[in-house]
Amino acid sequence: MINIDKIQTIKQDDSVIIICNQENINKLSESILSKAQCEFIKQEYADKDSVHFSFNNLNRYILVDVIKECGTNYQDKEKYRRLGAKTLQLCDNNNIKDLQMISLCEKDMLIGFIEGMILASYVFDNYKTDHKRLIHPFDNLHICDKDITKEDLDKLRIIFEATEKCRDLINEPVTVINATTLAENIRAMAEETGMKCEIWDKAKIEKEKMGGILAVNKGSKEPPTFTIVEYKPEKHLNSRPIVLVGKGIVYDTGGLNIKTGNYMNDMKDDMSGAATMATTMYACARLNVPIHIIGLFPATDNRPGENAYASGDIINMYDGTNVEVVNTDAEGRMILADALAFAKQYNPSLVIDAATLTGAAQRAIGPFGIVAVQQDAEHFIEVMKTCGKRVYERIAEFPFWEEYDDCIKSEIADIKNSGESYAGMITAGKFLAYFTNYPYIHLDIAGVSFTNKKDAYNRLHATGFGVRLLVEFLSTYHK
Ligand code: BES
Ligand code: MG
Ligand code: ZN
């Protein structure tokens with residue numbers, strides 16, 4: 001993890017980066033640059049969108065980024081995040097491990113830049129025996145700026161550390177993160193931050209008749225878990241809790257409806273929802289967010305072992321609903337349904353789930369955002385959309401018309417676990433909503449949680465997408 005601190009003066013011998021917006025270009029001369037360097041920058045800059053300069057003074061680099069955007073809108077801020085990520089890459093390439101920073105930009109834009117830099121510094125190299133890669137590419141960022149506070153930097157660090165944990169949990173293969181170790185990892189985060197945590201084992205899940213979780217687990221040699229976390233700060237603003245539910249399929253083979261071709265490749269990421277929700281709570285607890293939150297984490301792998309559940313099975317769920325299984329690969333909704341029904345007892349003001357639920361969500365909007373549906377939560381989702389723009393983890397709300405309810409009607413049971421060939425991300429949401437009686441938002445993160453293309457501050461593989469969104473939402477929604 002990068003160490004970030006605030007400094008009062010710039011040290012002569014260490015490398016520096018200056019970020020400057022167009023408006024402040026004349027102030028560059030007041031920084032550490034020579035007159036000639038300033039003139040050179042102004043000339044080169046002319047009408048370009050942004051320009052990067054690098055002055056190499058032997059062992060000291062002076063990097064300058066001049067950015068056209070002076071504004072404070074969310075698209076501008078994202079440009080700063082991406083520039084921060086680019087800068088991290090540059091430091092990595094030039095073996096710069098220590099960097100001082102001067103900002104001639106809006107404070108919020110500076111925060112974006114730092115955020116991009118630290119998010120991009122993530123490496124998952126637990127399995128690289130080449131020790132060169134085990135060395136962190138970057139160590140220290142010293143910010144010389146009068147506006148930025150220690151609280152700003154602490155917040156950035158805590159949210160980054162939560163995102164980092166989220167990415168790690170997702171990137172670990174199922175041989176390391178199974179239902180039991182996922183629960184243990186969640187408990188470790190709870191213990192570290194003083195949250196209550198209870199882990200149900202298979203016997204308890206059987207006793208409570210969580211039929212959905214047990215059905216999906218039937219083909220597996222590993223037992224399932226159901227984890228309950230409670231964060232209840234002494235002073236909380238909500239009289240009724242917010243419940244976060246995360247899909248914890250630690251590996252999705254599809255079950256007997258086995259995934260073919262390369263569709264199974266990244267399915268260790270199918271517990272991303274659980275990782276996102278658990279690390280969101282971890283961040284909220286560390287930030288002392290004044291909100292009462294409960295986290296529910298059903299977990300199992302989905303395998304086609306001997307006694308695996310099969311198409312045609314009728315599963316009696318936790319709340320008594322009978323579900324006709326028409327596809328064992330629609331397993332996420334089976335385990336989430338039990339958790340959502342369980343959530344009713346809390347009389348929640350809002351329940352949000354995050355799940356890598358459907359390929360349909362991924363196909364609909366690609367890797368650029370979360371597909372969401374909601375029921376009785378119009379106000380909350382509007383707030384969440386605003387938060388999404390702010391942190392650039394955007395949400396596309398899909399319709400939740402009543403006609404879609406018909407898609408999951410079953411001839412022989414109450415409902416079936418998959419609908420028509422169209423609108424798969426919506427009918428999956430309809431299935432889940434069947435088990436709710438409270439304001440509800442469903443976030444399908446199948447398109448965003450994992451990537452095979454390195455892009456700016458999202459490294460390869462797990463992105464941690466959703467953590468920054470939900471921390472922002474939970475920190476601001478009550479204001
Ligand atoms: N875990 C998958 C969804 C998924 C797909 C996540 C791609 C990430 C990337 C989920 O369990 C699944 O298999 N969904 C099926 C549902 C279908 C059988 C109704 C799908 O989307 O094909
Ligand atoms: Mg599946
Ligand atoms: Zn799945």
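Just so you know, residue 1 is the first one in the sequence shown, and it goes up from there. Order of appearance sets the numbers: ligands from 1, and atoms from 1 within every ligand.
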- Message: Using 30° and 60° as the class boundaries, would you call the ring planes of F124 and Y122 parallel, tilted or perpendicular?
- Response: parallel
- Is Q345 atom CD crowded by more than 12 heavy atoms from other residues, nucleotides or ligands, each under 6.0 Å away? yes
- For K204, does the NZ atom sit with more than 12 other heavy atoms under 6.0 Å from it, leaving out its own atoms? yes
- Task: Calculate the angle formed at the Zn ion (ligand 3) by NZ in K247 and OD2 in D270; 10° precision is enough.
- Result: 90°
Would [X] and [Y] count as having a side-chain donor-acceptor pair, cut-off 3.5 Å?
| X | Y | value |
| --- | --- | --- |
| Y346 | E230 | no |
| T451 | N458 | no |
| Y282 | E161 | no |
| N178 | T181 | yes |
| H292 | N238 | no |
| N316 | N322 | yes |
| N302 | N217 | no |

- Message: Restricting to N, O or S, what is the name of the atom of D252 that lies nearest the Zn ion (ligand 3)?
- Response: OD2
- Message: If I consider every N, O or S atom in E331, which one ends up closest to the Zn ion (ligand 3)? I only need its name.
- Response: OE2
Just list the N/O pairs, ligand 1 to protein, that are under 3.5 Å apart, with the distance for each.
unit_1	atom_1	unit_2	atom_2	d
ligand 1	1 (N)	K247	NZ	3.4
ligand 1	1 (N)	D252	OD2	3.2
ligand 1	1 (N)	D270	OD1	2.9
ligand 1	1 (N)	D270	OD2	3.0
ligand 1	1 (N)	T356	O	3.3
ligand 1	11 (O)	K247	NZ	3.2
ligand 1	11 (O)	D252	OD2	2.9
ligand 1	11 (O)	D329	O	3.1
ligand 1	11 (O)	E331	OE1	2.9
ligand 1	11 (O)	E331	OE2	2.9
ligand 1	13 (O)	K259	NZ	2.8
ligand 1	13 (O)	D329	O	3.0
ligand 1	13 (O)	D329	OD1	2.8
ligand 1	13 (O)	D329	OD2	3.2
ligand 1	14 (N)	L357	O	3.3
ligand 1	21 (O)	G359	N	2.7

- Listing protein N, O or S under 2.8 Å around the Mg ion (ligand 2) gives D252 OD2, D329 O, D329 OD1, E331 OE1
- Going through the distances and angles, do E397 and K385 end up as a salt bridge (charged side-chain N to carboxylate O under 4.0 Å, His left out)? CA-CA 9 Å; E397 185 184 356; K385 282 179 198 167; 2.8 Å; yes
